[in-house]
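The model shown is predicted, which means the values in this text are computed figures rather than measured ones.
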Amino acid sequence: MLESDSFIFLLGAGASLDANIPISSGMIDRVETLIKSDDTWKKYKDLYYCIKSGIINAAGITGNFSSNVVNIETLVNTMEELLKSNLHPLYPFIGSWIPRLNEVCGYKFDMIGELKKLIVEKLCTDWTKCAHAENYKYYSNFLRLQNDYNYSLPIFTLNYDLCVENAVGKENVQRGFDKNHIWSWENLEEDSYITEDIKLYKLHGSMDWKKLETGEVEESDNVSPNDTAIIFGTAYKLQYVDPFLYLVNVFRKKTLAGNTKVIICIGYSFNDEHINGIMSQSLEKNKKQKIISIAPVTTDIEQERKRIVEQLKVNSNLDDRIIIENKTAQSWLETVTCKVIEDYIGVNEEPF
């Protein structure tokens, strides 16, 4: 029998790919289609290419020439940093912005803000929207698993979409909001929820989270791009404000806990340095802890395992601790049971 908190889930963008929600690089493809074909977007084409070139150049200087250098997170983060302009802490050390940037958007950078707003609006109202129930139905298997497990099921997600909530029913999910729809960390503490539920920790925020003038976060069906409570990009995931600081701290606490024997990653690319750092620390501390990676593999299984080990930057031998499941999120979730997870752990293994 599985014990409480013996495993946790981590969902990446690939988990929602079967629900027809594009991954980050796919969103870049949509941006590029819009700037070529949509009259509202066309005027930002030169600006977009200028920023994209800068991102690629910066990555290339450090030897990173991978195809996913430019994704929606790096794009939006770069624009956010540019918008700070003379308020940026590095501004006194910068002789000048690249001349091409001033040529395409002037010296006030207003166009950067306009393009960023268009992207965030598309992301919240279109690209991450769960339009058809049949597309995300496979997420309802989390509820089936939780009923079999009979303990609270912890799911950490890097996604903004509402696939989990819609599929299992919001009444079965605790996200940290009270009856007035205001987020508070107390609502996720262990004495504040029933044990037979799903705890959903949205580490990067959600398309239905709204920032209020009070600094609080409200769950709402009416969220504009200006007040959405989501965060982008590897370097910006750990925000020194709640809910983000609290949620990532819970993830760290759960992974480091000695009774967490497996971290089940669904559709996670292992490209988030901060999340990788937390898992690496946990793997070093808990020498029998395993990572299960559920995602379609385009290369050899051993090459994929090697890639994950390199991304995690762990000194310990992980040959037997990284298990690759060459499956889509949908195909795996439709067949997962407590017995499957017991087999990952090894029912006869001694405690850590």
Could you tell me if [Y] and [X] have a donor-acceptor pair between their side chains, going purely by distance under 3.5 Å?
X      : Y      : answer
Asn187 : Gln174 : no
Asp197 : Ser152 : yes
Tyr139 : Asp18  : no
Thr214 : Glu216 : yes

### Pair Trp127 and Tyr160, ring centroids less than 6.0 Å apart
no
Could you give the distance from [atom1] ([X]) to [atom2] ([Y]), rounded to the nearest 0.5 Å?
X      : Y      : atom1 : atom2 : answer
Lys210 : Ile182 : NZ    : CD1   : 10.0 Å
Asn71  : Ile23  : CG    : CD1   : 9.5 Å
Ile294 : Cys265 : CD1   : SG    : 7.5 Å
Met111 : Leu82  : CE    : CG    : 13.5 Å
Leu312 : Ser282 : CG    : OG    : 10.5 Å
Ile28  : Ile55  : CD1   : CD1   : 7.5 Å

[X] and [Y]: which non-hydrogen atoms are nearest, and at how many Å?
X      : Y      : value
Leu158 : His204 : O-ND1, 3.3 Å
Lys42  : Lys36  : CE-O, 3.4 Å
Phe109 : Cys105 : CD1-SG, 3.6 Å
Leu145 : Cys338 : CD1-N, 3.8 Å
Gly258 : Asn286 : CA-OD1, 4.1 Å
Phe270 : Ser293 : CE1-OG, 3.7 Å

Should [X] and [Y] be regarded as members of a common hydrophobic cluster, given that ILVMFWY residues are connected when their side-chain heavy atoms come within less than 4.5 Å of each other, either directly or indirectly?
X      : Y      : answer
Ile308 : Ile8   : yes
Ile341 : Val168 : yes
Leu118 : Met207 : no
Ile264 : Leu256 : no
Leu115 : Ile230 : yes

pair [X]-[Y]: side-chain heavy atoms closer than 4.5 Å:
X      : Y      : result
Ile275 : Leu203 : yes
Lys202 : Leu162 : yes
Phe7   : Glu342 : no
Thr255 : Leu10  : no
Val104 : Tyr48  : no
Asn20  : His132 : no
Glu114 : Tyr44  : yes
Leu11  : Val164 : yes

Salt-bridge test for [X] and [Y]: reply yes if a basic N is under 4.0 Å from a carboxylate O, no otherwise.
X      : Y      : value
Glu219 : Lys170 : no
Asp126 : Lys129 : no
Asp208 : Arg175 : yes
Arg307 : Glu304 : yes
Arg305 : Glu302 : yes
Glu134 : Lys137 : no

### Message
Applying side-chain contact (heavy atoms from CB on, under 4.5 Å) to Val248 and Ile278, what does each step give before you reach the verdict?
### Response
CA-CA 9 Å; Val248 79; Ile278 292 174; 3.8 Å; yes
Would you say [X]'s side chain and [Y]'s backbone share a donor-acceptor pair under 3.5 angstrom?
X      : Y      : value
Ser24  : Ile72  : yes
Asn159 : Gly12  : yes
Thr335 : Ser331 : yes
Arg321 : Gln289 : yes
Asp161 : Thr128 : no
Asn141 : Arg144 : no
Ser4   : Tyr151 : no
Asn57  : Ser53  : no
Asn326 : Val297 : yes
Asp178 : Asn180 : yes

### Task
Mind running side-chain contact (heavy atoms from CB on, under 4.5 Å) on Ser140 and Leu143 for me, showing each step along the way?
CA-CA 6 Å; Ser140 65; Leu143 187 60; 5.5 Å; no
### Query
side-chain contact (heavy atoms from CB on, under 4.5 Å) between Val76 and Leu123: does it pass, once the steps are laid out?
CA-CA 11 Å; Val76 174; Leu123 189 146; over 6 Å; no
### Task
Using side-chain contact (heavy atoms from CB on, under 4.5 Å) as the criterion, point out the one residue from Ile112, Ile51, Val70, Leu83 that pairs with Thr78.
Ile51
### Query
Pick one: which of Asp320, Ile323, Leu283, Leu318 meets side-chain contact (heavy atoms from CB on, under 4.5 Å) with Lys290?
Ile323
### Message
Tell me whether the count of non-hydrogen atoms from other residues, nucleotides or ligands lying under 6.0 Å of CD in Glu3 goes above 12.
### Response
no
### Message
For Asp300, is the CG atom crowded, meaning more than 12 foreign heavy atoms sit under 6.0 Å from it?
### Response
yes
### Query
What do the steps show when you test Arg252 against Gln281 for side-chain contact (heavy atoms from CB on, under 4.5 Å), and what is the final call?
CA-CA 9 Å; Arg252 181 176 182 274; Gln281 185 180 14; 3.2 Å; yes
### Message
Phe9 and ring pair (Phe, Tyr, Trp, His ring centres under 6.0 Å): which single residue from Tyr149, Tyr201, Phe142, Phe156 fits?
### Response
Phe142
